[in-house]
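Just below is one structure, and these are the notes that go with it.
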Amino acid sequence: MRVFYHDDKPGDCRLPHDSGVELSPTHLSSLGVLHYAFPPSSPSSAAQVEDLAKARAYANRDEITVSPSAMGSVYEDKIKMFYDEHLHEDEEIRYILKGTGYFDVRDAEDRWVRIRAEPGDLLILPAGIYHRFTVDEENYINAMRLFQTQPKWAALNRSGETEVNEFRKNYVSARAR
Ligand code: KMT
Ligand code: NI
């Protein structure tokens with residue numbers, strides 16, 4: 001994982017958009033974003049992911065591959081959808097198995113913080129945080145998604161309504177503390 005400010009320049013979202021300003025993992029934890037490194041090649045990783053899922057009551061999971069060959073004609077549309085700024089009323093947990101991609105999260109000053117995710121990175125984005133996702137120029141990522149039994153999984157695109165969403169308000173007040 002690498003964390004840096006997005007350069008906020010227009011252009012293909014799959015490019016690095018690296019501002020050159022590197023951020024520490026502590027910056028992420030101050031936003032309520034948790035990160036674990038469970039290398040897929042390490043024999044203990046699968047059990048560690050299981051333990052974490054159990055501890056947070058995540059009963060369900062699936063695997064997603066974002067790539068032109070896995071998604072076919074809907075690929076470009078899916079990429080645009082993932083990159084629309086949104087929030088969820090529940091955590092978003094992603095465990096990267098293969099490939100690479102970028103998770104962008106808004107910080108307290110509303111700047112985009114870009115997280116470059118690689119195999120072994122497990123990220124937990126808290127409910128209510130504004131975020132988006134893109135693959136990089138390799139156009140390939142394979143990840144495990146974890147779901148609680150009753151996921152509130154709709155992506156709510158940023159709008160006047162999400163600004164007053166109770167999960168958003170709870171997130172902002174928890175972050176400020
Ligand atoms: C999401 O929620 O943005 C996704 O599921 C994208 C693929 S996970 C690497
Ligand atoms: Ni999301």
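Each ligand, and each atom within it, is numbered from 1 in the order the structure gives. We count residues from 1, following the sequence as given. Values reported hereafter were calculated over all heavy atoms of this structure, with side chains retained and with hydrogens, waters and symmetry mates removed.
- Using a 4.5 Å heavy-atom threshold, the side chains of Arg168 and Glu161 count as separate.
- Taking every heavy atom of Glu92 and a limit of under 4.0 angstrom, the matching atoms of ligand 1 come to 1 (C), 2 (O), 3 (O).
- The aromatic rings of His6 and His17 sit parallel, their planes meeting at an angle under 30°, below the 60° perpendicular limit.
- Using a 4.5 Å heavy-atom threshold, the side chains of Pro16 and Glu137 count as touching.
- Looking only at N/O/S atoms, His88 comes nearest to the Ni ion (ligand 2) through NE2.
- Proximity of Arg132 to ligand 1, defined as any heavy-atom pair under 4.0 Å, is not found for any part of the residue.
- Using a 4.5 Å heavy-atom threshold, the side chains of Val74 and Met81 count as separate.
- Near Arg145, meaning under 4.0 Å from any of its heavy atoms, are these atoms of ligand 1: 5 (O).
- Annotation: cation-pi geometry satisfied between Arg158 and Tyr130 (NZ/CZ under 6.0 angstrom from ring centroid, within 45° of ring axis).
- Under 4.0 Å is where a charged nitrogen must lie from a carboxylate oxygen, and between Arg14 and Glu76 at least one such pair does.
- Evaluated by nearest non-hydrogen atom to atom 7 (C) of ligand 1, the leading choice among Thr134, Val135, Val66, Thr65 is Val66.
- His86 contributes atom NE2 as its closest N/O/S atom to the Ni ion (ligand 2).
- The shortest N/O to N/O separation between Arg94 and ligand 1 falls below 3.5 Å.
- Closest N/O/S atom of Glu92 to the Ni ion (ligand 2): OE1.
- Between Arg2 and Asp18 a salt bridge is recorded (basic side-chain N to carboxylate O distance below 4.0 Å).
- Distances from the Ni ion (ligand 2) to the N/O/S atoms of His131 are shortest for NE2.
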